[in-house]
Amino acid sequence: MIIDVKNVKYTYNEGAEDEKKALRGVSFSVEEGEFVSLVGHNGSGKSTIAKLVNGLLLPDVGPDGGRVLIDGMDTADKKKLFDIRKTLGVVFQNPDNQMVASIIEDDVAFGPENLGLPSKEIRERVDWALECVGMREHAHGTPFRLSGGQKQRIAIAGVLAVKPRVMVLDESTAMLDPVGRAEVLDVIMKLNREQKMTVVMITHFMEEAALGDRIIVLKDGLVAGEGGKEIFRDRDLIHSAGLELPLAARIAAALRGRGFDLPPDIVTAEELKEALCR
């Protein structure tokens, strides 16, 4: 497995009056090449996990704090952090916070340059990463004139240029309009299917979550459930976690209640369209 989170606990402001236990003993693993969706209501611990798997945060100190292993490397081992961050890249919610240069190709080159790669290889990686996200024609432009979706694609290219084996997206579409969201999701799906990149997508959009091979539901800092898209049949689980079923699933359920003979596992708009056409 490429990610192994073992009984991890994390407390913000430990010992202070405003102490908050974000994770209370979370365990899950991700196999190489998988597309895993991590869902939960605000405050469930999703973004904390994104920072833990990249070593930006460490589990609570002590034998009961748990461990995070990335390709067998413990994030608590400072000597391994460089290799961990080469293995796993994170794209955060606001792409502006990840921009470091005023020219797009310079921004994408930032990661490979910090790896100390030869100029020729950096050039190849920048061109490849921009091609992957469909932004090569903007290489010499400035990111500050791009749409939100385009900026996020540049942020993804910056992570891609390091050539990680895992990409974690922490609410990376939350600030985008439907067009921008579709652009980013298309890139993510392409990377997973064609490049065989492991993807962990943290989201509260259930339509996005349904794209994953596996869905992990977080509630109050714990894993409340996990499985394939059949997990959406468990309405009690989804609602208890403060989430809603995907819109297509809700429409299908309403139509079944009106006598339509529709399959019980409809989750996406495409599946609903095909079922209705049949």
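Heavy atoms only: backbone and side chains are in, while hydrogens, waters and symmetry mates are out. On a predicted model such as this, the values are computed, not experimentally measured, just so you know.
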Just checking, any donor-acceptor pair under 3.5 angstrom between side chains of [X] and [Y]?
X: E32; Y: T198; value: no
X: D71; Y: T87; value: no
X: N7; Y: S27; value: no
X: T173; Y: E208; value: yes

#### Entry: Six-ring centre of F205, R181 cation under 6.0 angstrom, axis tolerance 45°
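Cation-pi check for R181 and F205: passes.
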With a 4.5 Å cut-off on side-chain heavy atoms, are [Y] and [X] touching?
X: I2; Y: L88; answer: no
X: V90; Y: L56; answer: no
X: L160; Y: R125; answer: no
X: H204; Y: V39; answer: no
X: I49; Y: V68; answer: no
X: M197; Y: V166; answer: no
X: D170; Y: Q93; answer: no
X: S172; Y: F92; answer: no

Heavy-atom count around [X] [atom1] within 6.0 Å, excluding the residue itself: above 12?
X: R235; atom1: CZ; value: no
X: F110; atom1: CZ; value: no
X: N97; atom1: CG; value: yes
X: K80; atom1: NZ; value: no
X: R193; atom1: CZ; value: no

Check whether [X] reaches the backbone of [Y] with its side chain - one donor and one acceptor, N or O, closer than 3.5 Å.
X: T142; Y: R145; value: no
X: R256; Y: P263; value: yes
X: D107; Y: V100; value: yes

Return the minimal non-hydrogen interatomic distance between [X] and [Y], and the atom names on each side.
X: S29; Y: M1; value: CB-SD, 3.4 Å
X: V108; Y: A157; value: CG1-O, 3.7 Å
X: P112; Y: I122; value: CB-CG1, 3.9 Å
X: G45; Y: L218; value: C-CD1, 4.0 Å

Between [Y] and [X], is the closest basic N to carboxylate O distance under 4.0 Å?
X: E230; Y: R233; value: no
X: R136; Y: D127; value: yes
X: D74; Y: R67; value: yes
X: D18; Y: K20; value: no

Give, for atom [atom1] of [X] and atom [atom2] of [Y], the distance between the pair rounded to the nearest 0.5 Å.
X: D4; Y: I70; atom1: CG; atom2: CD1; result: 8.5 Å
X: M167; Y: M201; atom1: CE; atom2: CE; result: 12.5 Å
X: I215; Y: L237; atom1: CD1; atom2: CG; result: 10.5 Å
X: S44; Y: N42; atom1: OG; atom2: CG; result: 7.5 Å
X: F35; Y: K196; atom1: CZ; atom2: NZ; result: 13.5 Å
X: D60; Y: K21; atom1: CG; atom2: NZ; result: 6.5 Å

### Task
Any chance you could lay out the side chain to side chain contact (heavy atoms under 4.5 Å, CB included) test for V217 and E226, step after step, and finish with the verdict?
CA-CA 6 Å; V217 181; E226 65 176 289; over 6 Å; no
### Message
Go through it in stages, so that I can follow the logic: the residues are K51 and Y10, the test is side chain to side chain contact (heavy atoms under 4.5 Å, CB included), and I'd like the CA-CA distance, side-chain angles, deciding distance and then a yes or no.
### Response
CA-CA 11 Å; K51 295 179 177 70; Y10 187 80; over 6 Å; no
### Task
Determine, stepwise, if the pair E105 / H138 fulfils side chain to side chain contact (heavy atoms under 4.5 Å, CB included).
CA-CA 8 Å; E105 65 177 4; H138 297 277; over 6 Å; no
